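Following: one structure in structure tokens, then a few remarks.
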Amino acid sequence: MTLRSYPRFITLEGGEGAGKSTVLAALRDTLSASGSEVVSTREPGGTPLAEQIRSLLLDTHHEPPTAQAELLLVFAARAQHVRETLVPALERGAWVISDRFTDASYAYQGAARGGDLAFIAELERHVVGIAPGMTLLLDVPVAVGLQRARGRGAIDRIEAEHEDFFERVRGGYLARAKAEPERFRVIDASQAADAVAAQAVAHLRQWMGANA
Ligand code: TMP
């Protein structure tokens, strides 16, 4: 099974503290202003069951999952999200913006955690089956991103990882972007939040023009 790419499916990726929330709000406003239906969602999460799996993955007050359990949990959440939320919205013609998607599993569970990339690709083919038309990667130096993320207060299980883990996450994302330059737009997210959002909106407008 090859992946089905939906032009109206846009994903937002990046390391910790890359400023995804500000960008997400700007993209949502731009799409809504065009009069289209917009569904904005996130991973892990986006359905009640998938949000529960998110807490299992990120909360620090229970048994930490092994690397394999973590990988299967993110894909279990994604399987639910794809069938219950993403495909129904895309099939009725809505624009969908997801704060993270499968690229995050290649970066976190693959590049950073050392998971088998071929196995992740198998899961993607068999369990996910769909791909975004455009992916915005907010790229920020690890030290800058971690300082922002940790300045926000409570730290989840993954945010508590060491800097070299996040260097591998960043490298994993940049490798994905290099391998699929037609899908990815890489934005320098060390800039001020407004400038990052403006660039993201410019990419979106160009994409909307080409996929009206
Ligand atoms: P965030 O979306 O609020 O940044 O938090 C989600 C966390 O989950 C983040 O640390 C990245 C991690 N994650 C994975 O490890 N694998 C995945 O496939 C996804 C979607 C997220």
Side-chain angles (χ1 to χ4, degrees), residues 3 9-25 27-28 40-47 49-60 64-82 84-86 96-117 119-132 135-140 142 144-173 175-176 189 193 196:
L3 301 180
F9 181 25
I10 293 170
T11 58
L12 199 54
E13 301 282 358
E16 315 299 316
K20 287 187 286 109
S21 314
T22 311
V23 169
L24 195 78
L27 297 178
R28 204 173 38 223
S40 103
T41 183
R42 69 170 180 182
E43 287 208 345
T47 84
L49 177 62
E51 289 290 332
Q52 288 205 32
I53 297 173
R54 180 187 178 94
S55 338
L56 292 176
L57 280 162
L58 298 181
D59 287 356
T60 47
T66 65
Q68 289 289 61
E70 181 182 270
L71 173 64
L72 294 172
L73 283 170
V74 291
F75 272 94
R78 182 163 302 126
Q80 193 71 12
H81 188 215
V82 167
E84 296 297 322
T85 305
L86 299 179
V96 176
I97 317 170
S98 186
D99 180 347
R100 298 194 190 280
F101 195 55
T102 313
D103 292 307
S105 300
Y106 284 96
Y108 283 81
Q109 282 67 49
R113 210 60 102 196
D116 179 354
L117 298 178
F119 181 52
I120 295 175
E122 285 287 297
L123 287 170
E124 181 179 30
R125 272 193 296 279
H126 292 285
V127 174
V128 182
I130 65 167
T135 297
L136 301 174
L137 173 58
L138 306 187
D139 180 56
V140 68
V142 170
V144 175
L146 283 182
Q147 197 179 11
R148 286 182 189 159
R150 291 178 179 164
R152 283 197 298 248
I155 291 181
D156 68 35
R157 188 181 59 85
I158 293 180
E159 282 166 346
E161 289 288 345
H162 288 291
E163 254 186 70
D164 50 346
F165 177 91
F166 296 107
E167 291 290 357
R168 294 194 296 275
V169 168
R170 187 182 186 201
Y173 272 132
R176 302 275 303 156
V196 175

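Numbering of ligands and ligand atoms starts at 1, following listing order. What you are looking at is a predicted structure, and each value in this text was computed from that prediction instead of being measured. Note: hydrogens, waters and symmetry copies are ignored here, and every other heavy atom, side chains too, is used.
Comparing Ser21, Ser105, Ala107, Ala149 by heavy-atom distance to atom 18 (O) of ligand 1, the nearest is Ser105. For the residues Ala104, Ala112, Gly14, Ala18, the heavy atom positioned nearest atom 17 (C) of ligand 1 is part of Ala104.
The nearest heavy-atom contact from the protein to atom 7 (C) of ligand 1 is Leu58 CD2, 3.9 Å. Among protein heavy atoms, the minimum distance from atom 4 (O) of ligand 1 is reached at Arg100 NH2, 3.0 Å. In terms of protein heavy-atom proximity, atom 10 (O) of ligand 1 is closest to Glu16 OE2, 3.0 Å. Looking only at heavy atoms of the protein, atom 21 (C) of ligand 1 is closest to Pro44 CD, 3.5 Å. The nearest heavy-atom contact from the protein to atom 5 (O) of ligand 1 is Arg54 NH2, 3.5 Å. Atom 15 (O) of ligand 1 has its closest protein heavy atom at Gln109 NE2, 2.9 Å. Counting protein heavy atoms only, atom 12 (C) of ligand 1 is closest to Ile158 CD1, 3.7 Å. Of all protein heavy atoms, the one lying nearest to atom 20 (C) of ligand 1 is Arg78 NH2, 3.5 Å.
A salt bridge links Glu159 to Arg152: at least one charged side-chain nitrogen sits closer than 4.0 Å to a carboxylate oxygen. No salt bridge links Arg157 with Asp59; every basic N to acidic carboxylate O contact stays at or beyond 4.0 Å. With respect to Glu51 and Arg42, a salt bridge is recorded, a charged nitrogen being found less than 4.0 Å from a carboxylate O.
No side-chain donor from either of Tyr108 and Glu70 sits under 3.5 Å from a side-chain acceptor of the other. In this structure, a donor-acceptor pair under 3.5 Å is present between the side chains of Ser40 and Arg28. A donor and an acceptor atom, one from each side chain of Thr135 and Arg176, are nowhere located under 3.5 Å apart.
A cation-pi geometry, defined here as NZ or CZ lying under 6.0 Å from the six-membered ring centre and within 45° of its normal, does not hold between Arg168 and Phe165.
Neither the backbone nor the side chain of Glu159 has any atom closer than 4.0 Å to an atom of ligand 1 (non-hydrogen atoms only).
Every atom of ligand 1 is numbered from 1 in the order shown, and the set under 4.0 Å from a heavy atom of Lys20 is 1 (P), 2 (O), 4 (O).
More than 12 heavy atoms of other shown residues, nucleotides or ligands fall within 6.0 angstrom of atom CD in Glu122.
The distance criterion of under 3.5 Å between nitrogen or oxygen atoms is not met by Glu70 with respect to ligand 1.
Side chain of Arg54 to main chain of Gly46: no donor-acceptor pair is present (N/O by atom type, distance under 3.5 Å, no hydrogens or angles).
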